[in-house]
Novice: 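One structure is given below, represented as structure tokens, and several questions about it will come after.
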Amino acid sequence: MPETLPDDEPSEPAQRCAREDTDGDGAREDVMVDRADGTGSGSGVGVGGGGSVGGLRLVVAINPTASFGQTSGMGGRVVEALRLDGHTVQPLVAADFEALKTEARAALAGHPDALIVVGGDGMVSLGVNLLAQPQPWVQSPVPLGIVPTGTGNDAALGLGIPLEFEAALAHLRSALATMTPRTIDLGHLSHAGGELWFASALSAGIDALINERANQMRRPRGASRYTIALLIELLRLRARTYELVVDGVARQVGSVLLSVANNRSIGGGMMIAPTALLDDGALDLFIVAPVSRLKFLRLFPRVFKGTHAGLPIVELTRVHSVTVDAPDIIAYADGERVGPLPVTVTVAPGALRVLA
């Protein structure tokens with residue numbers, strides 16, 4: 001599911017104070033976000049403060065509204081733990097997603113040892129699009145660390161990162177102790193609005209329609225709006241005709257659910273491509289043929305278990321490039337809005353280093 005950042009007033013670009021709920025009971029702690037030039041102050045060791053011998057220089061980008069704000073204290077706890085390990089930490093929070101991306105890009109210009117994102121798949125998308133190779137603002141590959149705290153944590157799930165917070169934090173600390181990142185593939189997407197990278201999947205079927213409807217709804221504000229959007233789109237379910245170019249070969253298909261996957265799951269655990277691998281140099285084209293509403297409702301629970309593979313109405317094909325076009329579809333990638341089809345997706349082998 002897509003993540004959003006709060007619409008409150010932007011703080012000063014050089015330094016801001018992020019108020020973090022650290023234990024869920026109303027107690028607060030101040031995490032002073034250090035200046036990009038390393039002159040800031042705060043608890044623990046600030047950027048440029050030296051750190052302990054052997055410590056790493058880390059940038060931690062935090063989404064304070066992950067899981068609709070229910071995990072708002074996690075970012076501060078990650079920063080505190082990493083500083084206790086002797087690392088030099090620069091925490092980043094911002095008024096919106098684009099501002100956070102800008103600040104993270106500026107922080108990467110200082111050549112840290114790793115970028116850590118705290119949040120769900122939206123934050124992973126931010127990190128992926130800053131670190132995917134090649135990027136002109138990154139002189140050497142910087143690995144991505146993930147502490148999953150969102151409603152959709154499919155990237156972490158595919159990477160084997162624990163979804164429980166304490167276990168995920170311990171996993172990250174262990175990975176930082178050895179600094180032997182794993183190299184994975186990414187999907188590279190180009191469309192009329194530009195280009196981007198994704199770790200998990202491009203959505204171009206009913207899952208994309210659900211995301212688009214939920215994003216257009218002003219109420220309710222929590223996760224239940226996705227349930228409502230799902231019910232509405234199921235009632236409106238109809239097959240679309242897709243024009244595809246798969247590894248250079250044109251074809252036309254009818255489908256109610258179509259995705260191009262690099263990872264096994266999307267949408268918070270929908271195992272659309274249960275045998276997909278993040279480092280096999282290929283993508284998985286997932287197509288569900290036109291079916292009745294009742295038959296789709298029977299199929300849908302099986303997608304979460306991955307037991308749909310092999311059914312006559314399900315097609316899973318290993319591919320290296322796909323162009324997807326259909327009317328009235330707004331594509332999404334890793335829960336983030338891309339724009340209207342057509343889009344072209346290609347696999348980018350070994351494009352990202354991950355602490356997992």
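Quantities reported herein were computed from a predicted structural model and do not represent experimental measurements.
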Novice: What distance do L257 atom CG and I287 atom CD1 have between them, rounded to the nearest 0.5 Å?
Specialist: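 The distance works out to 10.0 Å.
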Novice: Can you check whether V324 reaches L244 side chain to side chain, under 4.5 Å on heavy atoms?
Specialist: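 Contact flag for V324/L244 side chains = yes.
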Novice: What are the two closest non-hydrogen atoms of I266 and S259, and how far apart are they?
Specialist: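 That would be CD1-OG, 3.9 Å.
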Novice: For a quick test of reading the model, state the closest non-hydrogen atom pair linking A289 to V256 and the distance between them.
Specialist: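 The pair with the smallest heavy-atom distance is O-CG2, 3.8 Å.
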Novice: Mind running side-chain contact (heavy atoms from CB on, under 4.5 Å) on K101 and L130 for me, showing each step along the way?
Specialist: CA-CA 8 Å; K101 185 187 299 183; L130 288 171; 4.1 Å; yes
Novice: What pair of heavy atoms forms the shortest contact from P112 to A107, and how long is it?
Specialist: CD-O, 3.7 Å
Novice: Check whether any side-chain heavy atom of P181 sits under 4.5 Å from a side-chain heavy atom of V354, and report yes or no.
Specialist: no
Novice: Ignoring hydrogens, what is the shortest heavy-atom contact between A282 and V347? Give both atom names and the distance.
Specialist: N-CG2, 3.9 Å
Novice: May I have the list of side-chain donor-acceptor pairs in residues 187-195 shorter than 3.5 Å, sequence neighbours left out?
Specialist:
from, atom 1, to, atom 2, distance (Å)
H188, NE2, E195, OE1, 2.7
H191, ND1, G193, N, 3.1

Novice: Stepwise, does the side chain to side chain donor-acceptor pair (under 3.5 Å) test hold for S265 with D154?
Specialist: CA-CA 6 Å; S265 70; D154 292 288; 2.6 Å; yes
Novice: Measure the CG-CG distance between L115 and L126 for me, rounded to the nearest 0.5 Å.
Specialist: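 These two atoms lie 7.5 Å from each other.
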Novice: Treating D247 as the side-chain partner and S321 as the backbone partner, does any N or O pair qualify as donor plus acceptor under 3.5 Å?
Specialist: yes
Novice: List in chain and number order the residues that pass side-chain hydrogen bond (donor to acceptor under 3.5 Å, both in side chains) with R173, two or more places apart in sequence or in another chain; answer none if no residue qualifies.
Specialist: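 With sequence neighbours excluded, R173 shows a side-chain hydrogen bond (donor to acceptor under 3.5 Å, both in side chains) to D85, given in chain and number order.
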Novice: Please tell me if the side chains of I184 and L159 come closer than 4.5 Å, counting only heavy atoms from C-beta onward.
Specialist: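 Heavy-atom side-chain distance check passes, below 4.5 Å.
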Novice: Is a side-chain N or O of R57 found less than 3.5 angstrom from the main chain of H111, in a donor-acceptor match?
Specialist: yes
Novice: Run the side-chain contact (heavy atoms from CB on, under 4.5 Å) check on L316 and L285 step by step: do they pass?
Specialist: CA-CA 6 Å; L316 274 167; L285 176 60; over 6 Å; no
Novice: With a 4.5 Å cut-off on side-chain heavy atoms, are R182 and L278 touching?
Specialist: yes
Novice: Kindly indicate, with the supporting measurements, whether the criterion side-chain contact (heavy atoms from CB on, under 4.5 Å) is fulfilled by F286 and V314.
Specialist: CA-CA 7 Å; F286 172 58; V314 175; 3.7 Å; yes
Novice: How would you list all residue pairs meeting side chain to side chain donor-acceptor pair (under 3.5 Å) that involve residues 343-355, not counting sequence neighbours?
Specialist: T323-T344
Novice: Okay, side chain of T178, backbone of A175: is any donor-acceptor separation there less than 3.5 Å?
Specialist: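 It does hold such a pair.
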Novice: With a 3.5 Å distance limit and no angle check, can you tell me whether R240 reaches the backbone of G205 through a side-chain donor-acceptor pair?
Specialist: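 Judged by distance alone, no pair lies under 3.5 Å.
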Novice: Among L202, V260, D185, which residue meets the side-chain contact (heavy atoms from CB on, under 4.5 Å) test with L283?
Specialist: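 Single side-chain contact (heavy atoms from CB on, under 4.5 Å) partner of L283 among L202, V260, D185: V260.
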Novice: Give a yes or no answer on whether the side chain of N129 reaches the backbone of S125 with a donor-acceptor pair at less than 3.5 Å.
Specialist: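 Yes, because the side chain of N129 sits within donor-acceptor range (under 3.5 Å) of the backbone of S125.
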Novice: Would you say S255's side chain and V288's backbone share a donor-acceptor pair under 3.5 angstrom?
Specialist: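 Pair found, side chain donor or acceptor close to backbone of V288.
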Novice: Find the distance between CD1 (I329) and CD1 (I206) and round it off to the nearest 0.5 Å.
Specialist: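 It is 9.5 Å, given to the nearest 0.5 Å.
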Novice: Who passes ring pair (Phe, Tyr, Trp, His ring centres under 6.0 Å) against F300, sequence neighbours left out?
Specialist: F296, F304
Novice: Sequence neighbours left out, what passes side-chain hydrogen bond (donor to acceptor under 3.5 Å, both in side chains) with E243? Give chain and number order.
Specialist: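 For E243, the residues satisfying side-chain hydrogen bond (donor to acceptor under 3.5 Å, both in side chains) (neighbours in sequence not counted) are Q252.
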Novice: Nearest heavy-atom pair of A273 and A261: which atoms, and what distance?
Specialist: CB-CB, 4.1 Å
Novice: Would a 4.5 Å heavy-atom cut-off, applied to side chains only, mark R83 and H87 as touching?
Specialist: no
Novice: Is the backbone N or O of D334 less than 3.5 Å from a side-chain atom of D121, with the two atoms forming a donor-acceptor pair by type?
Specialist: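 Absent.
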Novice: Between the main-chain N or O of A204 and the side-chain N or O of Y242, is there a donor-acceptor pair closer than 3.5 Å?
Specialist: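 Checking the backbone N and O of A204 against the side chain of Y242, a donor-acceptor pair under 3.5 Å is found.
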Novice: Yes or no on salt bridge (charged side-chain N to carboxylate O under 4.0 Å, His left out) for D284 and R264, after CA distance, side-chain angles and deciding distance?
Specialist: CA-CA 9 Å; D284 288 69; R264 292 179 298 167; over 6 Å; no
Novice: Under the rule for side-chain hydrogen bond (donor to acceptor under 3.5 Å, both in side chains), what residues qualify as partners of R318, not counting sequence neighbours?
Specialist: D280
Novice: Does R236, at its CZ atom, have more than 12 non-hydrogen atoms belonging to other residues, nucleotides or ligands within less than 6.0 Å?
Specialist: no
Novice: So how far is it from Q90 CD to I116 CD1, rounded to the nearest 0.5 Å?
Specialist: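 Nearest 0.5 Å value for the CD-CD1 distance: 12.5 Å.
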Novice: Quick one, L186 with Q133, criterion side-chain contact (heavy atoms from CB on, under 4.5 Å). Give me CA distance, side-chain angles, the key distance, then yes/no.
Specialist: CA-CA 10 Å; L186 294 175; Q133 296 299 310; over 6 Å; no
Novice: So which atom in A132 and which in W197 form the shortest heavy-atom distance, rounded to 0.1 Å?
Specialist: CB-CD2, 3.4 Å
Novice: Do any N or O atoms from the side chain of T102 and from the backbone of E98 form a donor-acceptor pair under 3.5 angstrom?
Specialist: yes
